[in-house]
2 protein chains.
Amino acid sequence: MRQEPPPPSPTLEDVAKAAGVSRATVSRVVNGIRNVDSALQDAVRQAIAATGYVPNRAARSLVTRRAGSVAMVVSGADDESASFPVEVFTDPFFGRVVGGIVGFLRPRGIHPLLMFAETAEARAQVLTALRQGEADGALLVSTHAADPLPRLLSEAGLPAVLFARPAEPVPISYVDVDHRAGAKLAADHLVARGRKRIATISGPLDVPAARARLAGFRDAMAAHGHPFVPSAEGGFTSGSGEQAMERLLAEHPGLDGVFVANDLMAQGALPVLRRHGLAVPDDVAVVGFDDSSAATACRPPLTTVRHPVEDMAAEMARLLLEHVEQPEHRPTSIIFEPALVVRASS
Amino acid sequence: MRQEPPPPSPTLEDVAKAAGVSRATVSRVVNGIRNVDSALQDAVRQAIAATGYVPNRAARSLVTRRAGSVAMVVSGADDESASFPVEVFTDPFFGRVVGGIVGFLRPRGIHPLLMFAETAEARAQVLTALRQGEADGALLVSTHAADPLPRLLSEAGLPAVLFARPAEPVPISYVDVDHRAGAKLAADHLVARGRKRIATISGPLDVPAARARLAGFRDAMAAHGHPFVPSAEGGFTSGSGEQAMERLLAEHPGLDGVFVANDLMAQGALPVLRRHGLAVPDDVAVVGFDDSSAATACRPPLTTVRHPVEDMAAEMARLLLEHVEQPEHRPTSIIFEPALVVRASS
DNA sequence: TTGAAAGCGCTAACAT
DNA sequence: ATGTTAGCGCTTTCAA
């Protein structure tokens, strides 16, 4: 049993020879361009099957100037922890994003390249990969508001779409949820539950999403006849939610409902209520935001505002392909409607 | 403000001109080939910086016949559920795999392409992508033992490395954990805890890993003077663990320790013990296998056998690159030692 | 050590 | 409707 040299895979030329036509004709058939006699089409197809031809992507990319793949970048702000990927992947949120992206890309024969950009070095690598044409553009999911990558991508003129609006204004496309509408869902729900003394824990007010949630909540409460809503600012972390809840209770011990601007802070707030002898939801109803893993990990599980993550992710992919095809396309933002998920906390 | 036409990115030619050398010399510098006069090297480097040159990957791939990327394939056996990606990503196990792979690949400038292969159509798409040279090889993580993809990859002669040995023998490389050694850890631990009437719930015995865990457990128990260990066969699912536990208790109501061949089955077994009035770990000590998300989700949290997943995943990547560079390389298997993680269940 | 030149396999503009 | 041909940008012999 001798070792055969690996047979060179057939090229367009081989197929053309087998079908008795020119390379161009084979190329036309392969790429589904009409204006090819159907008899010839059949001949070409047979020759393709006979030779086992598959087009060479590198050669194709070289002339079309398209990689035919996109980067899926998970981006943080200088998170040095080596376990960055593990943590990211454990959150169902990211799984939903991937599901939405793959659902859109797969029927089009496009695969996402997975890249992490949590340090300056990693960000540089991402930019290099894109400039080299390894991918045609980037789908960016940031874990921190201060992520510098959106600006870098924008300045490099690379096609990109973000999940969520960037903290600083950057001329770049993004999808986002209607934070105001989500906050209104929470307000309407708390009022419908008969709560009278309602307060809120907001996110950090330098983050646009946090401001929008607070404004939306206040507006909706005003419409319900509550022009003044006590609030405490948190930092979107569990610990900050804990502290904010303490402050709120110190000033408004009689409150019976809280809208917490994200689930993580709500997770921090719940034990504080318990320590103060307040039962959830009997004494105080709690509503979170995001429907993250924290929402179901809480006791009781959180009523929360859920993003249509899969739809948003699919739209990111669609938008990115649009930008890739039309480099002059202007930055676009697309806003989605959230939904309320009612669980035991209210 | 007129719309500028996008400036064409500089090529080797441009750099060569700027540096006053030939394309070949620039190429040598870019690819770190010695035998280039250091004065010229400097000139070239300056020209590269001045022009902002980055090599075109498609052109490079065309001649080197290397994509410079690898596929990371998550593969099931005809799992039609649309939420396949979400479920996969929610398990910390997969996050650890990704972490290990990226940790190895990233310093080498290689990015993984994410692909899912849970249906026949998706598998065909994966094979096509690889044949087209979109990736140089595949890192395969199967969620089911009966996955047909390993054989397809092997028959297509495509470089690939599996996580875990395939159920049917296929000439293909893989990394795996020493299941026998893991089972021995469990046996030693239960005996050390003073348990006398120890039983086991095995996995499906057509799966090699399940057989190895059972055999390893029996051997270790025999060495401890327990030549006969009651066992019940499960199917690696929570439900099957429940049923197996019922059968075990029916025949051996006095047991005080159980080794369950994976965490999922242990998760099913725990409520059964509770229903029978048996406290864990006081009446019955339970040890699982895998250290999956189920292990920490259980009440009480499971003592379990943990795979060095990150190391295994990194080794997969290393092995794959070896196969890519040496197509004649023979299929290789590399076995890792597991570790016992002690939690409240024992 | 350096340069000249030949392709890698494909698409697309142009000619027929 | 089909064929001819000129590259895409790079690596790599082969000469010098």
Side-chain angles (χ1 to χ4, degrees), chain A residues 6-45 47-48 51-68 109 128-134 136 325, chain B residues 6-45 47-48 51-69 109 128-129 131-134 136 325:
Chain A
S9 50
T11 69
L12 265 194
E13 186 77 50
D14 300 325
V15 178
K17 210 170 298 173
V21 299
S22 73
R23 284 211 308 273
T25 298
V26 179
S27 176
R28 290 184 184 110
V29 172
V30 169
N31 293 298
I33 294 172
R34 49 181 180 289
N35 296 344
V36 177
D37 186 277
S38 61
L40 280 192
Q41 282 198 32
D42 289 348
V44 169
R45 270 188 248 284
I48 288 176
T51 55
Y53 170 78
V54 282
N56 178 314
R57 286 184 61 112
R60 181 178 280 174
S61 290
L62 183 55
V63 43
T64 60
R65 298 168 163 293
R66 288 274 148 70
T128 299
L130 290 167
R131 274 199 275 252
Q132 290 188 153
E134 190 172 349
D136 295 325
E325 301 213 342
Chain B
S9 50
T11 70
L12 266 193
E13 187 76 51
D14 300 324
V15 178
K17 210 170 297 172
V21 299
S22 71
R23 284 209 308 273
T25 299
V26 179
S27 175
R28 290 183 184 111
V29 172
V30 169
N31 294 296
I33 293 172
R34 49 182 180 288
N35 297 344
V36 177
D37 187 276
S38 63
L40 280 193
Q41 282 197 33
D42 289 349
V44 169
R45 270 188 247 285
I48 288 176
T51 55
Y53 169 78
V54 283
N56 177 313
R57 285 183 64 110
R60 180 179 280 175
S61 291
L62 183 56
V63 43
T64 60
R65 302 173 160 290
R66 288 272 147 71
S69 54
T128 299
R131 274 198 275 251
Q132 290 189 153
E134 190 173 350
D136 295 325
E325 300 212 343

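Chain A is the first sequence line, chain B the second, and so forth, proteins listed ahead of strands; every chain is numbered from 1.
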**Student:** Note down the inter-axis angle between the two ends of the helix from C/dT1-D/dA16 to C/dT16-D/dA1, five pairs each, to the nearest 10°.
**Tutor:** 30°

**Student:** Can you sort out the partners of A/Glu325 under side chain to side chain contact (heavy atoms under 4.5 Å, CB included), two or more places apart, ordered by chain and number?
**Tutor:** none

**Student:** Could you encode protein contacts along nucleotides 1-10 of chain C as a string, one character per nucleotide from 5' to 3', using B for base contact, S for sugar-phosphate-only contact and - for no contact, with a heavy-atom cut-off of under 4.0 Å?
**Tutor:** SBBBBB-BBB

**Student:** Using only heavy-atom distances, determine whether the side chains of B/Ser38 and B/Asp42 contain a donor-acceptor pair under 3.5 Å.
**Tutor:** no

**Student:** Please find the pair of heavy atoms, one from B/Leu62 and one from A/Ala59, that lie closest to each other, and give the distance.
**Tutor:** CD1-CB, 3.5 Å

**Student:** For residues A/Arg57 and A/Ala67, report the shortest heavy-atom separation together with the two atoms involved.
**Tutor:** NH2-O, 2.8 Å

**Student:** Which heavy-atom pair separates B/Val36 from B/Arg28 by the least distance, and what is that distance?
**Tutor:** CG2-CB, 3.8 Å

**Student:** Taking all atoms of both residues into account, what is the closest heavy-atom pair of A/Val15 and A/Val44, and its distance?
**Tutor:** CG1-O, 4.2 Å

**Student:** Indicate the atoms forming the closest heavy-atom contact of B/Arg60 with B/Val30, along with that distance.
**Tutor:** NH2-CG1, 3.6 Å

**Student:** Any idea which heavy atoms bring B/Gln132 and A/Val54 closest together, and the distance?
**Tutor:** CG-CB, 4.4 Å

**Student:** Under 4.0 Å from any heavy atom of chain A: name the first and the last nucleotide of DNA chain D that qualifies, 5' to 3'.
**Tutor:** D/dA1 to D/dG9

**Student:** Output all residues satisfying side chain to side chain contact (heavy atoms under 4.5 Å, CB included) with B/Ala43, sequence neighbours left out; order by chain, then residue number.
**Tutor:** none

**Student:** With B/Pro10, which residues qualify under side chain to side chain contact (heavy atoms under 4.5 Å, CB included), at least two apart?
**Tutor:** B/Asp14, B/Thr51, B/Tyr53

